[in-house]
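See structure below.
When reading the values below, keep in mind they use all heavy atoms of this one structure, side chains included, and skip hydrogens, waters and symmetry mates.
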Amino acid sequence: MVTGVVEAPLPLVRDVLLDLERFGRWFPQLREWRVLERLGVVTRVYGRQTFPWPVKDRDYVVLYRWSDTADGGFSLEATGVADAGPPAPEGVVRLEALRSLWTLSADGGRTHASYLYEGPSSGRLADWLSARGARSRTHAVIDGLAQEVARRAVGKTP
């Protein structure tokens, strides 16, 4: 899990996370991102991430669920689903057993954000690379969120 502070009020940060159609513009390493279906507080999304050689690219279909918490915060959870989207492109590893969780809490005009990713890797090299890169990738996720929030705060997002 990685945590950070976004210099913006929670409602703005929440709006950026819930704009799932634009999520792929700021989330690191995404090569492809498509909202497949919206059903109230659940959204089905296809994503494909690129990785450096020798690790194969990964793709997944996830269900996003969100809720406001009793303490005034917010959570957005993604859970991998099997057989719920387009077939994996050739040479891409389909992830099915994965989960991510965003949690937000207000701190005056700032927002504390945490991001947790739990997912499989395969093979010794993939495990080593995953462990080595996990911290930088997850920090890049918080940084990407903060940068997108800042762009929107000044009206620079199309």
### Message
For a quick test of reading the model, state the closest non-hydrogen atom pair linking Gly144 to Trp26 and the distance between them.
### Response
C-CE3, 3.5 Å
### Message
Arg25 vs Arg151, test: side-chain contact (heavy atoms from CB on, under 4.5 Å). Steps then yes/no.
### Response
CA-CA 12 Å; Arg25 294 183 185 183; Arg151 278 192 293 272; over 6 Å; no
### Message
Nearest 0.5 angstrom please: Arg99 CZ to Thr79 OG1, how far?
### Response
7.0 Å
### Task
Decide whether Val13 and Val5 are clustered together by the hydrophobic rule: side chain heavy atoms of Ile, Leu, Val, Met, Phe, Trp, Tyr closer than 4.5 Å, transitively.
no
### Rounded distance (nearest 0.5 Å) linking atom CG of Asp59 with atom CZ of Arg48
7.0 Å
### Query
How long is the span from the CG atom in Leu63 to the CD atom in Glu77, to the nearest 0.5 Å?
10.0 Å
### Task
Examine distances only and state if a side-chain atom of Thr111 and a backbone atom of Ala8 form a donor-acceptor pair shorter than 3.5 Å.
yes
### Query
What's the verdict on side-chain contact (heavy atoms from CB on, under 4.5 Å) for Leu98 and Tyr117, showing C-alpha distance, side-chain angles and the deciding distance?
CA-CA 8 Å; Leu98 65 96; Tyr117 173 80; 3.9 Å; yes
#### Entry: Where at least one partner belongs to residues 63-108, residue pairs that pass ring-ring contact (aromatic ring centres under 6.0 Å, His included), sequence neighbours excluded
Phe23-Tyr64, Trp102-Tyr115
#### Entry: Results of side-chain hydrogen bond (donor to acceptor under 3.5 Å, both in side chains) for Ser100 - residues two or more places apart only
none
## Note on the structure
Sorted by chain and number, sequence neighbours left out, salt bridge (Lys or Arg N to Asp or Glu O under 4.0 Å) with Asp15 holds for none
### Query
Taking C-beta and beyond as the side chain, do Asp19 and Arg152 meet within less than 4.5 Å on heavy atoms?
yes
### Of all pairs that satisfy salt bridge (Lys or Arg N to Asp or Glu O under 4.0 Å), the ones with a partner from residues 66-75, not counting sequence neighbours
Arg14-Asp68
#### Entry: Minimal non-hydrogen separation, Ser75 against Leu101, with atom names
CB-CD1, 4.3 Å
### Message
In the structure I gave you, are the side-chain heavy atoms of Leu104 and Leu17 within less than 4.5 Å of one another anywhere?
### Response
yes
### Task
Kindly write out the residues that satisfy side-chain hydrogen bond (donor to acceptor under 3.5 Å, both in side chains) with Thr50, not counting sequence neighbours, or none if the list is empty.
none
### Task
Would you sort out whether Arg94 and Val61 count as a side-chain contact (heavy atoms from CB on, under 4.5 Å), showing the intermediate values?
CA-CA 9 Å; Arg94 171 63 51 95; Val61 176; 4.3 Å; yes
### Query
Looking only at heavy atoms, which two atoms of Leu30 and Gly24 are closest? And how far apart?
CD1-CA, 3.5 Å
Please report, to 0.1 Å, the donor-acceptor pairs under 3.5 Å made by any side chain of residues 32-42, with sequence neighbours excluded.
from  : atom 1 : to    : atom 2 : distance (Å)
Glu32 : OE2    : Arg34 : NE     : 3.0
Glu32 : OE2    : Arg34 : NH2    : 3.2
Trp33 : NE1    : Leu20 : O      : 2.7
Glu37 : OE1    : Arg44 : NE     : 3.4
Glu37 : OE1    : Arg44 : NH2    : 3.3
Arg38 : NE     : Glu21 : OE2    : 3.0
Arg38 : NH1    : Thr43 : OG1    : 3.4
Arg38 : NH2    : Leu18 : O      : 3.3
Arg38 : NH2    : Glu21 : OE1    : 2.9

#### Entry: Nearest non-hydrogen partners of Val6 and Ala113, listed with the distance
CG2-CB, 4.3 Å
### Task
Report whether Val92 and Val62 are members of the same hydrophobic cluster (ILVMFWY, side-chain heavy atoms less than 4.5 Å apart, transitive linking).
no
### Task
Mind checking the CE-CD spacing from Met1 to Glu118? Nearest 0.5 Å is all I need.
8.5 Å
